[in-house]
Amino acid sequence: MKRFNPLEIEKKWQKKWEEEKPYRAEVKPGVPKMYIAEMFPYPSGAGLHVGHVRNFTIVDVLTRFYEQQRLNVMRPFGYDTFGLPAENYAIKTGTAPQEVTKANTDNFRKQAKRLGYAIDWNREINTSDPEYYKWTQWCFLQLFKKGLAYQKESYQWWCPVDQTVLANEQVENGHCWRCGHEVEKKKMKQWFFKITEYADELLDEIDALDWPEKIKTMQKNWIGRSVGAEIDFKVVNDAHSITVFTTRPDTIKGATFLVVAPEYPDLQYFVSDDAKEAVEKYKAEALKKSEIERQENKEKTGVFTGAYAINPATKEKIPIWVADYVLSGYGTGAIMAVPYNDERDKEFAEKFDLPIVETELVDFDAFGTPKTTYRMRDWLISRQRYWGCPIPIAYDKEGNPHAIPEDELPVILPEIQDYKPDESGRSALAKAKDWLKVKIPVKDPKTGKTHLEEMTRETDTLDGYACSSWYLWRYVSPHDKKQAWDKEAIAYWAPTDIYVGADHAVAHLLYVRFWCKFFADLGYLPFREPIKKLIYHGYINAPDGKKMSKSKGNVIDPLDVINDGYGADTLRVYEMFIGPVELDAAWDPRSVGGVYRFLNRCYNLCFDNKNESSDNKNAVIRNKTIKKVTEDIYKCNFNTAVAALMEYVNELYKEGAATGDLVTLAKLLKPFAPHLASEILEKYGADDEWPKWDEKYLVTDTVELVVQVNGKLRAKISVDVNDLDDESKIIDLVKSNEKIAEYTKGGIKKTIFVKKAKLVNIVV
RNA sequence: GCCCGAGUGGUGAAAUUGGUAUACACGUAUGCCUUAGGAGCAUAUGCCAUUUGGUGUGCAGGUUCAAGUCCUGUCUCGGGCACCA
């Protein structure tokens, strides 16, 4: 008995693919295309982990499946290299992030090649490559020119450990998504992208997407549209009025007091003198409280401002309070409290003994203007960190921002010695004195003449999510020196047909959609949704069911699995067989052995076959398998596709395999185990074109008729398939069965024949 | 608290959408073979009962000739949102 040696076979084929580059993709007008990608990885120092392998293998199965169907497939690869891990490593060891990143991407590339992926290596991108981030900066400038990149001073999430601000999407339960430390609020002037401009479209188009419902719901919740009205309340004895947002303007008659957030900007103007001290004290305390405390302690707190406003519906004088249960960032930062209808207002009213009156519903048109608000805030993109894409902006003496001219891009991230951030709220780039100075052409509004003005560069870098918001389009023309992406190439390849990942449900996947709509509006993209189909797969956990982590020592290294002698094919097939794509799964070393056994059986069937049979003997199972595997891959049921292949192989062991069976097997196996499949196809001199099934083989002469009595299985009768059209003949056949006759001798009440299910149920 | 999912053997899981429950694989048992290995092959394997049988998809009901699948209630687990007015 021969033994399958995957390491030898894989080496041979990987060398061939490296030399012959069969996975190069090019625009072929008129030929149907398929653009498939994974969410590109952050190349960590630890190399590929089994989760990457699941991700990349799903992409590879689909890539090869469509390639074998002779679609024009593009499957690129890239690295999301900016970010904190490389920088923190640099701070600890003094090694430049540029250097660390180079080593890590080299390692990732080598490992990805070891897995035999059908990647077009000519389309490899890296977000920290100046050739790439030049165009990230270009994208920023387009947003800046349209007013969608803007600066705003406000209270922001600040991570005291990473010494940087964070986007809302990067704060998880009041903690930093990177280091897990509790975040604080800090008042700072920061750059934002105006994603809210597209809130409605981002929300309205979710339903039409071929994405998992889970992700769609999360995005809907994140955007959180509320339709309501804004209503002005005049402050008594004061020129100011307070505008509130409410989704229930019809309850205005029940509004017995107003509440504003502690951060409410106009607060100082209407607080009465004798309340000033108390309000200031409350405000200071509220701001000091961490968001965690504010969230966990839902006990209502607040103070009276000493001021009153007029309810426009009742004309009554109602008190104005400050309380932190009103959020400054949502709506107008002020509410009308209707304790009769609203639980929170009721709780507050009860605690502070404020009036609660039964609400009489009214038509609100007279009092307010219709207004829609969103839970989603604008995307904060400044980071006070070194290892990121420099924001292409410089400031004049007055502090006004100016765009770095496009022909001067990229703004190169300078190499520095000290990467450490500090509390100054500026990145380590602030210490690169020479780099900071830049001359920017400025047009004099009076004379119309342009002169060079010395300015100071922006020292913040861009949120890494900005870099990954457009990379799917860079892939279509990755070496283009003149533009971010080529218009013809984008029209052919994009949008991405299938996108595979396991993370970034709201952040990245919302940002890409936002940029897509923006660049579509500018005419750079001929579509408004960047991703047609999204496959969101589960995680792979350690054998103990827990999350793999270095500290727990339960990490499975995929390269170890390969080098143990199982090979890349076994690893790939195992990860596809492990369970349904969308589910988390625990690593089971014993099942890996089972998959190896399966591939070994395939190998022996082809290379040590002693009982070849005639060609058409297995036509039924062969066609059945082709159909099952094809349909399963379309549905991303990779686990049952592999199971069908196993069944086929088991059958061939029993019945003997014809050459046609083995070639079919190899073709169907190739997306999962490309090395072994290529070896088999080579032996038989066959191409890898995806086989088609013939329905005529799926219809057999005789079928097994299931006979139930009172819904219980009592017999199986073999009948001629043509007889299924003749119900009375079938019933007679069933009645004449000895066993059934025994069960039905007391008389038959009713018979039911279901042709589709090939089933008869007799009620006695 | 609100909104979604999901509960099937010892284990990972199948089940053409109302029609033979447990495919495939792991594990276990028994046997065969062998230049004895990290082998390979064959058979069995939900539970109860000595066979024909009974019973069985978290639990309790219901609809139906027929329910893992549909309906009502309930429990458990997972996920999302959470003072968003």
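Remember, it's a predicted structure, so these values are computed and weren't measured experimentally. Sequence lines set the chain letters: A, B, ... in the order given, protein chains first and strands last, and positions in each chain run from 1.
Taking atom P on both B/A21 and B/C3, the two are 37 Å apart, rounded to the nearest angstrom.
Between A/G579 and A/I752, the residue anchored nearer the 5' end of RNA chain B, judged by the nucleotide with its closest heavy atom, is A/G579. Along RNA chain B, the nucleotide nearest A/D588 and the nucleotide nearest A/T640 are compared for position; the residue whose nucleotide lies closer to the 5' end is A/T640.
Closest to the A/N761 side chain, of the nucleotides B/C41, B/A14, B/C65, is B/C65. Listed candidates were B/G53, B/A25, B/G19. Nearest to the side chain of A/L759 is B/G19. For A/R714, taking side-chain heavy atoms from C-beta onward, the closest of the listed nucleotides B/G80, B/G54, B/A85 is B/G54.
Among the heavy atoms of the strands lying under 4.0 Å from A/V763 are primed sugar atoms or P, OP1, OP2 only; no base atom is included. Within 4.0 Å of A/T247, counting heavy atoms only, lie sugar-phosphate atoms of the nucleic acid but no base atom. Within the nucleic acid shown, A/E213 has no heavy atom closer than 4.0 Å to any nucleic acid atom. At the heavy-atom level, A/N221 lies under 4.0 Å from the strands shown only through sugar-phosphate atoms. Nucleic acid contact class of A/L645 (heavy atoms, under 4.0 Å, all strands): none.
The NZ-P distance, from A/K654 to B/A42, rounds to 8 Å in whole Å. Atoms CD (A/Q219) and P (B/C3) sit 22 Å apart, rounded to a whole Å. In this entry the distance linking NZ of A/K216 with P of B/G5 reads 13 Å, nearest Å. A/R590 has its CZ atom 10 Å from the C1' atom of B/G10, to the nearest Å. The nearest whole Å value for the distance from the CG atom in A/L652 to the P atom in B/C41 is 14 Å.
Of all nucleotides present, none satisfies the Watson-Crick or G-U wobble test against B/G68 with each distance under 3.5 Å.
Side-chain to base pairing of A/K214 with B/C4: no donor and acceptor N or O lie closer than 3.5 Å to each other. Judged by distance alone with a 3.5 Å cut-off, a donor-acceptor contact links the side chain of A/Y566 to the base of B/G38.
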* To do: Take A/F245 and A/Y330 through the side-chain contact (heavy atoms from CB on, under 4.5 Å) test and state the conclusion after the steps.
  => CA-CA 9 Å; A/F245 172 74; A/Y330 184 77; 4.1 Å; yes
* To do: Take A/K300 and A/E350, measure what salt bridge (Lys or Arg N to Asp or Glu O under 4.0 Å) needs, and give me the verdict at the end.
  => CA-CA 10 Å; A/K300 296 280 178 291; A/E350 279 169 354; over 6 Å; no
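Geometrically, A/K547 engages A/Y539 in a cation-pi contact defined by less than 6.0 Å to the ring centre and at most 45° from the axis.
For B/G80, the OP1/OP2 oxygens have no side-chain nitrogen or oxygen of A/Y536 closer than 4.0 Å.
A salt bridge links A/E213 and A/K216; the closest N-O separation between the charged side-chain nitrogens and carboxylate oxygens is under 4.0 Å.
A/F257 pairs with exactly one of A/F304, A/W321, A/F348 by the ring pair (Phe, Tyr, Trp, His ring centres under 6.0 Å) rule, that one being A/F348.
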